[in-house]
2 protein chains.
Amino acid sequence: MTGRFSTHIGFRPIDPILRRLKSLATLSEPELSLLRTLGERRERHAPGEQLVAEHAKEPRPRFVVSGWACRQRLMPDGRRQIFSLMLPGDDLGFESAPALASVVALTALETVDGAPALDAARRGAAPGLAAALAAAARQADALLLDQAVRLGRLTAFERMAHFFLELQHRLEITGLGDRQRFPLPLTQEIMADSLGLSIVHVNRTLQQLRRAGMIELRSGVAILLQPEAMTKLCDYRGVANKAA
Amino acid sequence: MTGRFSTHIGFRPIDPILRRLKSLATLSEPELSLLRTLGERRERHAPGEQLVAEHAKEPRPRFVVSGWACRQRLMPDGRRQIFSLMLPGDDLGFESAPALASVVALTALETVDGAPALDAARRGAAPGLAAALAAAARQADALLLDQAVRLGRLTAFERMAHFFLELQHRLEITGLGDRQRFPLPLTQEIMADSLGLSIVHVNRTLQQLRRAGMIELRSGVAILLQPEAMTKLCDYRGVANKAA
DNA sequence: CGCTTCTTTGACGAGCCTCAAACTGAGTGG
DNA sequence: CCACTCAGTTTGAGGCTCGTCAAAGAAGCG
């Protein structure tokens, strides 16, 4: 987690949030400076910490500044399904209560309070921000549909490719990755629970992708060697941008 | 499709809509009568007809009055994933444009224009209706998460059980089914595309459920013989009700 | 270092898919 | 009333994908 893709060096703390929201709607200068002030009320979370409980009456709206989290549901027998990964710049707990899934930190995580932004948007005081948050919610919906296609109709090989392409795109938007490289601080268990596979099969599928010359994984960084080929192979359609 | 669960005999045309929205929020008398007037602008759709195209700029908001539809996505090679089934009383095309998936009629279908309801809710003229529509959107989100769990972490046997329980609950709410029986006008191909299975395996899994004394299927009607056992077996949690 | 967590490998079996064909039932037209 | 057709269901055979169990490496961390 150090070096080129560090989330601490070379970026202002809340830069991913600004970048992401700017990619979703046009923000005014007052809106931007409101967002910049959010960085002051920061909070740290250890891996495994639950940020939102499944039926939380009033989940606190937050933005992820650094580190990764996920939305998930657990079954009584221990099976877990991860619905989506929350990357730096992503919002959580902005939807109406009660929460439909829990949110859990996957790595060391930093978040900031999103309430000022949400309030301003709701009051009508920040139309650009309101549009950006609406677009973010739409994008989350789109990602969930992609996830359903992955789980229901893609093979393990296609699923992994699709998954990596989604991460590449999302991380590039926030400036944390480029067209080919991005940080990937996930264990194979987490990928398994996200992709509906077993850990062992994730491991073997990763090897397949490596042998096919598609990817390279080294110390928390993923490299896509043939992004175009991967895109075709799994019918990846990219992340939704601005709403209409 | 005649007899006890007919959608035409014994119910006022838009009754499923009223029942469903009343289950989601408290509606005032003016709101109810607004909804009743919707029944006048009715539209018929043949099976297979596309009601909303995947990237439709402005999908027309509609309520399903009778028949079933689905939200789905198609892959270039013909694979299909159904995200959700739309039953009588359900709304479609109410979210912000452009549409993230297409909506297709699965059976002969009747819909009515939802725009008057949506407009009234947006204008602030119908707070109860607005609450009901928001709760409906929330419920759709919840169903999509259930669907992801089904696809990612349940076995074929559990998936089918979970699927039937969801349909039972949803249809009971609109008065189209009871605690054990409900109409099921779906081919096994449709179930397969909904559950992420092959047709053949759906057929065999249905036989398993029958042999286990769980279900009975006869001419478009499903009977759940042991709903409680089924609920335990697949960790079914029921449909979300009123939002907070 | 020694511990824990994570990754990797092997062996084996089960779940699910594909292909192919037979069967059923509901029209449709002669 | 009887083919005939067509969509849907059911069955069989065979094989690939993916899961489970178990244990051996690697890699991070105190």
Side-chain angles (χ1 to χ4, degrees), chain A residues 1-3 46-48 68 75 77-81 105-108 150-163 183-212 215-222 233-234, chain B residues 1-2 46-48 68 75 77-81 105-108 150-163 184-212 215-222 233-234:
Chain A
M1 291 297 286
T2 58
W68 292 25
M75 294 180 63
D77 64 1
R79 279 180 284 183
R80 165 168 79 158
Q81 181 61 52
L106 295 172
T107 69
R150 268 198 298 249
L151 295 174
R153 282 302 182 221
L154 299 194
T155 65
F157 192 76
E158 293 167 329
R159 274 183 230 186
M160 291 260 11
H162 197 280
F163 178 71
L184 187 73
L186 301 180
T187 65
Q188 295 181 0
E189 180 174 17
I190 294 171
M191 298 189 224
D193 286 339
S194 184
L195 297 176
L197 299 170
S198 68
I199 303 181
V200 172
H201 202 62
V202 163
N203 183 283
R204 293 190 162 124
T205 307
L206 285 172
Q207 292 176 47
Q208 257 190 285
L209 278 163
R210 272 193 285 253
R211 266 185 265 114
I215 64 164
E216 221 169 278
L217 297 182
R218 279 202 316 261
S219 63
V221 173
L233 132 75
C234 62
Chain B
M1 291 296 289
T2 58
W68 291 26
M75 295 180 62
D77 63 0
R79 279 180 283 183
R80 165 168 78 158
Q81 181 61 51
L106 294 172
T107 69
R150 268 198 299 249
L151 295 174
R153 282 302 182 221
L154 298 194
T155 65
F157 192 76
E158 294 168 328
R159 274 183 230 188
M160 292 261 10
H162 197 279
F163 178 72
L184 186 73
L186 300 180
T187 65
Q188 295 181 359
E189 180 174 16
I190 294 170
M191 298 189 223
D193 286 339
S194 184
L195 297 175
L197 299 170
S198 68
I199 302 181
V200 172
H201 201 63
V202 163
N203 183 284
R204 293 187 161 126
T205 307
L206 285 172
Q207 291 177 47
Q208 257 189 286
L209 279 163
R210 272 193 285 254
R211 267 186 265 114
I215 65 165
E216 220 170 279
L217 298 182
R218 280 201 316 260
S219 63
V221 174
L233 129 75
C234 62

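Computed from heavy atoms alone, side chains included, the values below leave out hydrogens, waters and symmetry copies. Each chain gets a letter, A, B and so on, in the order the sequences are listed, and its residues count up from 1.
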Margin query: Check the phosphate of D:dT9 against B:Gln207, side-chain N and O only, distance under 4.0 Å to OP1 or OP2. Yes or no?
Written below: no
Margin query: Starting the side chain at C-beta, find the nucleotide from C:dT7, D:dT11, D:dG19 nearest to A:Thr187.
Written below: C:dT7
Notebook entry, point to check: Could you state the CG-P distance from A:Leu195 to D:dC18, rounded to the nearest angstrom?
Noted result: 11 Å
Check: Sub-3.5 Å donor-acceptor pair from the side chain of B:Arg153 to the main-chain atoms of A:Leu197, do we have one?
Finding: yes
Checklist line | Closest to side chain of A:Asn203, choosing from D:dC18, C:dT18, C:dT9 | finding: C:dT9
Note to self: Nearest 0.5 angstrom please: B:His201 NE2 to B:Phe157 CZ, how far?
What the structure shows: 11.0 Å
Next item on the list: Send over the distance from A:Ile199 CD1 to D:dA26 P, rounded to a whole Å.
Entry: 19 Å
Notebook entry, point to check: Quick one: is B:Gln188 getting a side-chain N or O under 4.0 Å of the D:dT10 phosphate, OP1 or OP2?
Noted result: yes
Next item on the list: Rounded to the nearest angstrom, tell me the gap between atom CG in B:Leu184 and atom P in D:dT9.
Entry: 10 Å
Next item on the list: Select base, sugar-phosphate, or nothing to describe what A:Leu197 touches, counting heavy atoms under 4.0 Å on all strands.
Entry: sugar-phosphate
Checklist line | Sole residue of B:Gln81, B:Gln188, B:Arg80 in side chain to side chain donor-acceptor pair (under 3.5 Å) with B:Asp193 | finding: B:Arg80
Note to self: Using a distance-only criterion (donor-acceptor N/O pair, under 3.5 Å, no hydrogens), is the base of C:dG15 paired with the side chain of B:Arg204?
What the structure shows: no
Note to self: Closest approach to the side chain of B:His201, judged atom by atom: which nucleotide of D:dC18, C:dT9, C:dC17 is it?
What the structure shows: C:dC17
Check: 5'-most contact on DNA chain C: A:Arg210 or A:Arg153, nearest heavy atom basis?
Finding: A:Arg210
Next item on the list: Using the side chain to side chain contact (heavy atoms under 4.5 Å, CB included) rule, take A:Ile199 and A:Val202 through it: C-alpha gap first, then chi angles, then the decisive distance, then the call.
Entry: CA-CA 5 Å; A:Ile199 303 181; A:Val202 163; 5.6 Å; no
Check: Between D:dT17 atom P and A:Arg159 atom CZ, what is the distance in whole Å?
Finding: 13 Å
